Amino acid sequence: TSIFIFALVALFWLVVAFGKSNKNEKKKIVFFFLFWIALLLSVSALQTIPTLELYLNSPLVEPFSKDVFKNGAIPYRYLLSFLAPDFFGNPATNNFWAKNYGNDTSSIGALSLFFAALALFKIKKWEIKFFSIIGILFILFAVQSPLFYLIQKLNVPILVGTAPTRTIFIACFSLSVLSAYGLESFLSGDKKLKNKFYALLLIFIIIYLILILSTILIPKLVATDIVSASRLNVSKRNLLIPTLSLLAIPIAAIIGHLQKLTKFKTLDLRAVTLIGVLVLVSFYQFNKTSPFSKKENFFPQHPIISWLQNNAGINRFHGDGTAAFDN
């Protein structure tokens, strides 16, 4: 994770440097960059050189690590979680039916995804171009794409000793940055984007409605077992909030038009509306994925526990097999 973060920051720094028109300023930035890289490598050499030796002599370079790399790719169907975080259910509600919650089910939310897509209409801006390329590359690296197989075939050091799914956070970060640029375009009232904005919104709504209709119709039209039908029912329920959250976009646009008729200019109510909905959806999602038990459930009153508390004394006790206290 740290290697990818350092690489991304370094690459961004260099792109900024070479984007400068003033040659002297460009030279200063590059010199400053190389100086800090040299200083970093020198100071950390006591740690990095033994670490490199450890890596070269560790199982991370053995064949089994290649299997970890191969099995660590995200199946293409799991990219649906970008449209709905819990499309495949959630472990906290005991209805999760994908492979690995978290890495395989990454999402930045429906609203954020919409504005990330909106930003692509201004692809000429170098920041948008940069994060679009980074986002696409890391999605391709995380799934079983030609890029994934190329890295595997070339046996690229360090990369083949990792789980590709863990790099999806950089794709999510890139999409989040694009989302900020998309929101900025929306709030600036760019007239050139007006028709594209509503066309994109319509496309998003159609996509979500198709997904919802699919979860309803597939069990009725195709012979499915009880398990598959119940899974699709979970997907249908978890598509509801992302779909409804998209309604915040036209509502925000209407609020913006109404605000123009008033003298209230202190706050952009469109931004307040959109960010408010994002916070509410995020709070709901956090509360769902991070459930909290009641305090009394941590030390419940039970005859066995009471006996152990009264008789253990200075001795310890251990539960074997199913004799364990779950979360």
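Predicted model, so just to flag it, every value in this text is computed and none were measured.
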Taking the cut-offs as 6.0 angstrom to the six-membered ring centre and 45 degrees off its axis, would you call R270 and F186 a cation-pi pair?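 Yes, cation above the ring, under 6.0 Å and within 45°.
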How far apart are the C-alpha atoms of Y181 and L118, what are their side-chain angles, what is the distance that settles it, and do they pass the side-chain contact (heavy atoms from CB on, under 4.5 Å) test? CA-CA 8 Å; Y181 281 108; L118 185 66; over 6 Å; no
Within the 4.5 Å heavy-atom criterion, are [X] and [Y] side-chain neighbours or not?
X	Y	value
I275	V279	yes
D268	Q259	yes
Y76	S145	yes
P242	L83	no
F130	L11	yes
I128	V177	no
L111	V281	no
L41	T48	no

Are [X] and [Y] close enough that their ring centers fall under 6.0 Å?
X	Y	value
F131	F12	yes
F32	W13	yes
F4	F169	no

What is the ring orientation for Y78 with F88, classed by angle as parallel under 30°, tilted 30 to 60°, or perpendicular over 60°?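 Perpendicular: the ring planes of Y78 and F88 meet at over 60°.
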V15 vs E127, test: side-chain contact (heavy atoms from CB on, under 4.5 Å). Steps then yes/no. CA-CA 9 Å; V15 170; E127 294 96 338; over 6 Å; no
Can a donor-acceptor pair be found between the side chains of N233 and K236 at a distance below 3.5 Å?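 Yes.
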side-chain contact (heavy atoms from CB on, under 4.5 Å) between L175 and S112, intermediate numbers included: CA-CA 8 Å; L175 288 171; S112 302; over 6 Å; no
Take atom CH2 in W36; do more than 12 heavy atoms of anything else shown fall under 6.0 Å from it?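 Open: at most 12 neighbouring heavy atoms sit under 6.0 Å from CH2 of W36.
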More than 12 heavy atoms from other groups under 6.0 Å of CD1 on I304: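 No, not enclosed.
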Take V143 and F148, measure what side-chain contact (heavy atoms from CB on, under 4.5 Å) needs, and give me the verdict at the end. CA-CA 7 Å; V143 299; F148 171 86; over 6 Å; no
